[in-house]
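Okay, structure first, notes after.
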Protein chains: 2
Amino acid sequence: MALTPTGKLERDGEERAFLARYKAGDYARPAVAVDLVVLTVVDAELRVLLIKRDEHPFKGKWALPGGFVRVGDGQKDQGEDLDAAATRELEEETGLDRKWVYLEQLYTFGRAHRDPRMRVITVAYFALVRPDLVPMVRAGGDAAMADWFLMRNLGKVSLAFDHEEIVRAALRRVAGKLEYSDVAFSLVPLTFTVPELRAVHEIVTGEKQDPGNFRRRFNRMLESGVIEKAPGKRITASKPATVYRFGRSR
Amino acid sequence: MALTPTGKLERDGEERAFLARYKAGDYARPAVAVDLVVLTVVDAELRVLLIKRDEHPFKGKWALPGGFVRVGDGQKDQGEDLDAAATRELEEETGLDRKWVYLEQLYTFGRAHRDPRMRVITVAYFALVRPDLVPMVRAGGDAAMADWFLMRNLGKVSLAFDHEEIVRAALRRVAGKLEYSDVAFSLVPLTFTVPELRAVHEIVTGEKQDPGNFRRRFNRMLESGVIEKAPGKRITASKPATVYRFGRSR
DNA sequence: CCAATAGTGTCTTTTAGACAATATACG
DNA sequence: CGTATATTGTCTAAAAGACACTATTGG
């Protein structure tokens, strides 16, 4: 073994040699998937995008869009990042550009036997889609059929795998984030009114919001510059509402 | 194909047949690990448990305790749940019983090339250990060496893999949870004083807490029964402090 | 007695919540 | 005009933050 001035270089060389020699053991490995809980609010209803399975297992049942993470087959090619896999699935299965959608890792579900075929660990993500983008959604090629299900009907559907549990976890997370973050903005069009934003809160949390009190919270966001007035008014059944948009700073 | 009265039974039979015939494709699969960010607060310092690697890659560097998830090799044997893997690693690498430790899934890290050997996706968990349990911790058999590192020295250490990123994510999560949850109780002994609990908050969040205001928050927990008075006083350098413990309801 | 810190009290500001009152459309 | 609802206003209560004050110990 050659003498080196630092010892560190030597260690690096040693590690390089180790890696060159390294052969992955043939231990059993799980399949790893990403599944997406794609949510939107249209016509005052919270909906989740589901895809009808056309293959076993759970053939004919509704399931979350998703797929296996692409893993390369060596040290050089290790495949795609998890976020990239989620983004790819989103774009493949909905045609929606990542850029217009809020996407966040939710939780990893890996119970044994959650998939009867084999051990599958799924990294679940949730995506929030603005209602004006919903018409752009087209089911991807590998989906026999896609549909936006009413969240309040979830109990009646019997989803594939543990996907109902995943959907409920996503809902809890989104409802929680409404309180302290800006996620609600990902569920309204680029311009919106106070009542529209309030409706999103009510629909996601399932609880009525006092219009006056909600307006006060909204005003604080206005003052802080998160939101700014937009031109125009929204015509409604009664008094028209002022239209707002997110501030430039965002 | 036999006629069946419901069609559902038929579908189940079909699926059973599918599963019996099913052969897992030999697609590349990632290795899946669980890594643990084990945190404690001793002597007014936040510390994280690290283990010195005695194998390549990153031989000689410090890393989070963890290991590969045990995956069975078929439909029947699918191995252990993720939480079980985390619990097992905790017990193996620290000797601590799951029962006495707060354990929660943190986030899943799966960047390509985060491990130079092969594609490894790690489901990170964090664990909170009461200071009085720290002396019980003994490094597991497969660890050459374990040590509790000062969190504030993390920048100087250069951890293996992306483990520094994981530790920082855990810290953010714990600091966030202090605000609205009971996790702080997992970082003090079974009985504790108000200043001790306050110190945990200050150490984890890195921000001073006003003693008076903190005491008021504490009093609210007292009234709600989350906490109750315990016998004895804690002798300090000055005026002794009253000792409390968690309420029976917990 | 004195230094240190546990524990209390006070005052201000912010935020939430309940709810009344007003304003302004559309039909 | 009248109904609906956006918007403003008022009042109360809870909670946070700043900070002064008191109490009780060990040294």
Side-chain angles (χ1 to χ4, degrees), chain A residues 41 43-44 175-182 184-185 188-189 191-245, chain B residues 41 43-44 175-182 184-185 188-189 191-245:
Chain A
V41 172
D43 297 335
K177 293 199 82 152
L178 278 189
E179 310 285 333
Y180 64 90
S181 81
D182 288 351
F185 301 152
V188 289
T191 65
F192 52 90
T193 66
V194 179
E196 281 163 7
L197 196 66
R198 173 163 50 88
V200 165
H201 278 252
E202 292 181 342
I203 290 159
V204 174
T205 65
E207 289 174 6
K208 281 263 173 265
Q209 296 284 325
D210 180 274
N213 296 335
F214 188 88
R215 158 54 76 151
R216 212 149 12 89
R217 284 175 58 186
F218 192 93
N219 283 340
R220 278 197 292 273
M221 287 193 280
L222 257 180
E223 282 158 27
S224 72
V226 178
I227 293 171
E228 62 187 23
K229 198 172 272 194
K233 291 258 170 185
R234 187 80 88 233
I235 283 77
T236 70
S238 69
K239 174 176 174 179
T242 311
V243 176
Y244 300 88
R245 64 167 168 242
Chain B
V41 172
D43 297 336
K177 294 199 82 150
L178 278 188
E179 311 284 334
Y180 63 90
S181 80
D182 288 350
F185 300 152
V188 289
T191 64
F192 53 89
T193 67
V194 178
E196 282 164 6
L197 196 66
R198 172 161 52 88
V200 165
H201 279 253
E202 292 181 343
I203 290 159
V204 173
T205 65
E207 290 175 6
K208 281 261 173 271
Q209 297 282 326
D210 180 274
N213 296 335
F214 189 87
R215 160 52 78 152
R216 217 151 6 91
R217 284 173 59 187
F218 191 93
N219 282 340
R220 278 197 290 274
M221 286 193 280
L222 257 180
E223 283 159 27
S224 72
V226 178
I227 293 171
E228 62 187 22
K229 197 171 274 192
K233 290 258 172 186
R234 185 81 87 236
I235 282 78
T236 70
S238 69
K239 172 177 172 178
T242 313
V243 175
Y244 300 88
R245 65 167 167 243

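The sequence lines fix the lettering, A, B, ..., with proteins before strands; numbering per chain opens at 1. The shown structure was predicted, so the numbers you read here are calculated from the model rather than taken from an experiment.
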Any donor-acceptor pair under 3.5 Å linking the side-chain atoms of B:Arg216 with those of B:Asn213?
yes

Within less than 4.0 Å of OP1 or OP2 of [N], is there a side-chain N or O belonging to [X]?
X        : N      : result
A:Arg215 : D:dT8  : yes
B:Arg216 : D:dA15 : no
A:Arg220 : C:dA16 : yes
B:Thr242 : C:dG7  : yes

Take the protein atom [atom1] of [X] and the nucleotide atom [atom2] of [N], then report the distance between them rounded to whole Å.
X        : N      : atom1 : atom2 : answer
B:Asn219 : C:dG7  : CG    : P     : 10 Å
A:Asp210 : D:dA13 : CG    : C1'   : 15 Å
A:Glu223 : C:dT15 : CD    : C1'   : 13 Å
A:Arg198 : D:dT8  : CZ    : P     : 13 Å
B:Met221 : C:dG7  : CE    : C1'   : 16 Å
A:Glu179 : C:dT15 : CD    : P     : 15 Å
B:Leu222 : C:dG7  : CG    : P     : 11 Å
A:His201 : C:dG17 : NE2   : P     : 13 Å

Using a heavy-atom cut-off of 4.0 Å across all strands, would you classify [X] as base, sugar-phosphate, or nothing?
X        : answer
B:Thr193 : nothing
A:Arg234 : nothing
B:Arg217 : sugar-phosphate

Kindly give the heavy-atom pair with the smallest separation between [X] and [Y], and that separation in Å.
X        : Y        : value
A:Val243 : A:Arg234 : CG2-N, 3.6 Å
A:Thr242 : A:Lys233 : OG1-NZ, 3.5 Å
A:Gln209 : A:His201 : CG-CB, 4.3 Å
B:Met221 : B:Phe185 : SD-CZ, 3.8 Å

Kindly say whether, by distance alone, the side chain of B:Lys239 makes a donor-acceptor pair under 3.5 Å with the base of C:dA6?
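Result: at least one qualifying N/O pair found.
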
Should the side chain of A:Asn213 and the base of C:dA18 be counted as holding a donor-acceptor pair, with the cut-off at 3.5 Å?
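Checked by distance alone, the answer is yes.
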
When you measure from the side chain of A:Pro195, which nucleotide among C:dA6, D:dT25, D:dA6 comes out closest?
D:dA6

Tell me which nucleotide among D:dC19, C:dC19, C:dG7 gets nearest to the side chain of B:Ala241.
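So the nucleotide nearest the side chain must be C:dG7.
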
Starting at the 5' end of DNA chain C, which residue's closest nucleotide do you reach first, A:Lys233 or B:Tyr244?
B:Tyr244

In Å and rounded to the nearest 0.5 Å, what is the CD to CG distance from A:Glu202 to A:Leu178?
11.5 Å

Need to verify one output field. Residue with the more 5' nearest nucleotide on DNA chain D, B:Ile235 or B:Gln209?
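Result: B:Gln209.
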
